[in-house]
Each structure stands twice: as structure tokens, then as C-alpha cells.
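Input: a single structure, listed below in C-alpha cells.
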Protein chains: 2
Amino acid sequence: MSDMKTAIMDAAERRMQAGGFSGFSFREIATDVGIKSSSVHHHFPTKEALAAAVIRRWADRTSDHVDKALAKDPDPVRVWTKAFRGTALSEPHMCPCTVLGASSHDLPKPVAEEVRRFFQMCLDKLVASGLTPNKASEFLSTIIGALVVANSLRDTAEYDRATKGVLKNRAKAVA
Amino acid sequence: MSDMKTAIMDAAERRMQAGGFSGFSFREIATDVGIKSSSVHHHFPTKEALAAAVIRRWADRTSDHVDKALAKDPDPVRVWTKAFRGTALSEPHMCPCTVLGASSHDLPKPVAEEVRRFFQMCLDKLVASGLTPNKASEFLSTIIGALVVANSLRDTAEYDRATKGVLKNRAKAVA
DNA sequence: GTCTATAATTTGATAGAC
DNA sequence: GTCTATCAAATTATAGAC
């Protein structure tokens, strides 16, 4: 992948984290990377193609990151809580899949499908790590909701308050 | 409040639930209620004023609904889980505060402030019902995240999977 | 309170030169 | 691969008639 294509996806990702699918324009992305908006179309034919590529890359990176972390720490709850904590504590504080997923029914179908794949991947990996389907759903909802509530309250510490109990119970279960 | 003002807020609320702040336009709202877009401005001067009014009404209604439900059922976890379940199971499946909160940093300040007030109200009421601050944060995050994940997966049953464990543990704690 | 008309801006996208 | 130029459509908002 060319450097410019990567730079475009980086810029789009950051703006999608803050404002979702309608939170970025080709002109803004172009300015961010130092070219013109028509040149962005050379790398990504449409806005939906760019958004879908960004979501897929985020999903792939998350999947890879979790796999590597699980090799060092066998507790999936601790691994996933820490992974999303990184997103919650650093700007722009949100996971793009969460922002887009909240308005999934207003997205172009290919983009909504990539978002769906992301959350299905999260659930599948949690179950593969030993959680029951119900526990996987409950835990994933807690960390996703913690991102949204912390973002809304403008208080990153809210993420830790929301996830403290999950980690504590897990420690007990493991001990 | 005039019937037309209420109808405008109803239309805006529904579109905000699906697409957030940028998910509705004055022309769409106008068509929904059968007037022209310029006439909408007679009732709400700006888009941000309309959005802020819709969020505030949603917060007030939620607060009132929960107060009444708590008078019949003393368990706040059951009451709040059931309240958001109604949103999750019926179209357009989302709480507008959750959709807007996910992209809080891309909102006009007065709108973001109303969203913040909504989530702070939820936490305050949960703590007033007897939950510790940490448990209130964890529980709120779980039901908010359940909305987002269920919406993204296009599977309303996901809300019940995510909240089943919370209700079960609560039943044990009460028993 | 609703209308017509319109301003001013932004949007995603395309054509074609270099 | 980037540019200039441009298009058609949509956006929020305002002015003023009725």
C-alpha cells in the first residue's frame, strides 16, 4: 500500500473516530494529507469505499493486537479491557466502529457490513477464549458502552469506573 | 407546546435515533410533518436548538418513566434494563443520546451538553437507587453498549444476551 | 404560521490537462 | 498521481409577502 493511501486512511480514521461517516469530507481529508480532493478519489473511488477500508483495517489491527496480547496474558477480559482502554484514554477517545455502529442504519450497506463484521469478530474471539456466549455479549457491551458514556461525560476516568468490577470479578474467578 | 412543535420534535427524534445530528435535515423534517423547511425555522431557530430540545425531552421522559417504574418495582437494574430494552426492540432501535454521545466531540456545544446531562442523570438516579458509583457506571455502560452492539449486528436478541447476566446476578443479590 | 424565493456554503464526484 | 475546473445536489438560514 502506498504511503499516500495510508495517510488518507489515517486522516479518515481520525475524523471518523470523532464524527462518524458524515464527520469527514474529501476536502478535509485532502487538506490533512496535503493534496486536492480530486486526488483522493484516485486512491479511493467513493466515500463509502474509503470508510469501509478504514473500518476493515481497524478490525484487522484489533484482531492482530488481541492475538498477540493473549499470547502474553491468558485472561481475555483483561486483554480486551486494556485494548479499548487505550482508545478511551487517547484522543479522539472513540473506536470508529462504535461511532459508526451507533448509526448503523444510516450507513451505506458495505460500511454497515464492515462494522457488523467487527463486532462479530469481537464476540467470536471472546467465545474462543473461553467465555460463554452470554458472558461475551455482556462483557463486550460493557466496554463499548463505557467508551460512549466516558466520551459523552468528557471524563476518561469513567471508563475505569465502568470496567473496574469486571476486572475484579475476573480476578476472583481466576484465583 | 403547539401540536406542530411536537410533531417537528417527533420527526427529528426519530431521524436522530437512526442517524444522529447529521442524520436529519430541515427539509426532511418539513416533509415529514407536511410543511416547508423555512416554516420549521419559525418553531426552532437553528438545527442545534431543535436537537438540544429533542435530547432534553428524551432525558425528561426517561427520568419520569424510570421514577414511575421504580414506584412499582424497587429493583433499579430491572427497571433500567427494561426501559432501554423497549428502545432496543422497537424501531429505530436506538436511544438518540447514545447515537449523539458516540460523536459528542463533533456536536455543537449546547447539544453535547444536553447529552452529557442525560448520562449524568442516569448515573445519579442509579446511585440514588442504592448502587455504588462503580456499579452504576458498569451497569449503565452495559445497557448502552448492548444498544450499540445489537444495532450493529442487526440482532435485537443481542440486547437480551448482553443483559441476561446482570439481571441474574441482581436476582441473586436481592434474594 | 406558512409560504416563495434565494443567499451562501459545502458536499461527493467527474473530465481532462500535465 | 496530482492538478484545475466544474457540476449537480443538498445544506442551514434569512427576507419578506400573505
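Every value quoted in this text rests on a predicted model; they were computed, and no experiment measured them. The chains referred to below are lettered A, B, ... by the order of the sequence lines, with proteins before strands, and numbering in each begins at 1.
Residue B/H42 has a polar side-chain atom (N or O) positioned under 4.0 Å from OP1 or OP2 of C/dG1.
Put simply, CG on B/L50 is 14 Å from C1' on D/dA13, counting in whole angstrom units. Residue B/D3 contributes atom CG, which lies 13 Å from atom C1' of C/dG1 at whole-angstrom precision. Between B/H43 atom NE2 and C/dC3 atom P the separation is 9 Å, expressed in whole Å.
Looking at A/R57 and A/D10, a side-chain N of the basic residue comes within less than 4.0 Å of a carboxylate O on the acidic one, giving a salt bridge. Residues B/D155 and B/R161 are paired through a salt bridge, judged by an N-O separation under 4.0 Å between the basic side chain and the carboxylate.
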- request: Report the C-alpha distance between B/T142 and A/S141 in whole Å, list the side-chain angles of each, state the deciding distance to 0.1 Å, and finish with yes or no for side chain to side chain donor-acceptor pair (under 3.5 Å).
  value: CA-CA 5 Å; B/T142 304; A/S141 286; over 6 Å; no
Please tabulate, one pair per line, all N/O donor-acceptor pairs under 3.5 Å involving side-chain atoms of residues 94-109 of chain B, not counting sequence neighbours.
residue	atom	partner	partner atom	Å
B/S104	OG	A/R154	NE	3.1
B/S104	OG	A/R154	NH2	3.0
B/H105	NE2	A/N151	OD1	3.2

- prompt: Just by protein heavy atoms under 4.0 Å, how would nucleotides 5-18 of chain C read 5' to 3' in B, S and -?
  reply: B-----BBBBB---
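B/Y159 places a side-chain N or O within 3.5 Å of a backbone atom of B/T81 that can act as its donor or acceptor partner.
Side-chain atoms of B/S137 and A/E158 include a donor-acceptor pair closer than 3.5 Å.
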